[in-house]
Amino acid sequence: MGMFTELIFGAELKKDTPKEIIDCLEYMIGENENEPKNFPFYGWTRYMLRNGSYYFAINRPVSKMWFDKITQSYHISTRSNFKNYDGNVEEFLEWIKPYIDSGSGSNDMYAIVTYEEQEVPDIYYLHK
């Protein structure tokens, strides 16, 4: 049984991020309702970036992805919470990391993950 988990994720993607990755992300946040061919996730994981749970105070998901004309790259920002079964959050973060160009701050933070009853969240950086 999974733990209630909150995921805050934000990143600028690399300019050469394949269209199939962009298509998957657009599907995961709900901007495209057609599941892409060769979608890498199974079960409810496909919806994890658009789920909300009343376990957390911020219980409505917020997900946005856009193409920035100045940087000529995609940016994505999400906040969602759900039951994390079988390490799905970690699987997603491992899958997307090679396509991240930058996150926030000098260490390029790109994700904050908080599990139910966890006192200190896990923070993911590109550089440390």
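For the numbers below, each heavy atom of this structure counts, side chains included, while hydrogens, waters and symmetry mates do not.
- Under the 30°/60° scheme for interplanar angles, the aromatic rings of Phe41 and Phe39 are found to stand perpendicular.
- Side chain of Arg46 to main chain of Cys24: no donor-acceptor pair is present (N/O by atom type, distance under 3.5 Å, no hydrogens or angles).
- The OG1 atom of Thr114 sits 7.5 Å away from the CG atom of Asp122 when rounded to the nearest 0.5 Å.
- Residue pairs that meet the salt bridge (charged side-chain N to carboxylate O under 4.0 Å, His left out) test with at least one member in residues 88-99, sequence neighbours left out, do not exist here.
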Can you check side chain to side chain contact (heavy atoms under 4.5 Å, CB included) on Tyr110 and Leu126, steps first, answer last?
-> CA-CA 7 Å; Tyr110 62 93; Leu126 290 178; 3.9 Å; yes

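- The distance from atom CG of Leu25 to atom CD of Glu20, rounded to the nearest 0.5 Å, is 11.0 Å.
- At distances below 3.5 Å, not a single donor-acceptor pair connects side-chain atoms of Asn32 with backbone N or O atoms of Glu26.
- With rounding to the nearest 0.5 angstrom, the OG1 atom of Thr17 is 9.5 Å from the OH atom of Tyr74.
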Begin with the C-alpha distance, continue with both residues' side-chain angles, and end with the deciding distance and a verdict on side chain to side chain contact (heavy atoms under 4.5 Å, CB included) for Ile29 and Arg50.
-> CA-CA 5 Å; Ile29 66 172; Arg50 49 177 143 159; 5.8 Å; no

Listed pairs under 3.5 Å, donor-acceptor, residues 2-14 side chains, sequence neighbours left out:
from, atom 1, to, atom 2, distance (Å)
Thr5, OG1, Met3, O, 2.9
Glu6, OE2, Arg79, NE, 2.8
Glu6, OE2, Arg79, NH2, 3.1
Glu12, OE1, Ser102, OG, 3.3
Glu12, OE2, Ser73, OG, 2.7
Lys14, NZ, Pro98, O, 2.9

Criterion side chain to side chain contact (heavy atoms under 4.5 Å, CB included) on Leu93 and Val113, from CA distance to verdict | CA-CA 10 Å; Leu93 293 175; Val113 179; 4.0 Å; yes

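- Closest approach of Glu33 to Gly30, counting heavy atoms only: OE2-O, 3.5 Å.
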Between Tyr42 and Asp86, is a side chain to side chain contact (heavy atoms under 4.5 Å, CB included) present by the stated rule, with each step listed?
-> CA-CA 11 Å; Tyr42 59 92; Asp86 302 320; 4.1 Å; yes

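- The structure places NE2 of His127 at 13.5 Å from CE of Met109, a figure rounded to the nearest 0.5 Å.
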What donor-acceptor contacts under 3.5 angstrom involve side-chain atoms of residues 51-67, with partners at least two apart or in another chain?
from, atom 1, to, atom 2, distance (Å)
Ser53, OG, Tyr55, N, 3.1
Ser63, OG, Leu49, O, 2.5

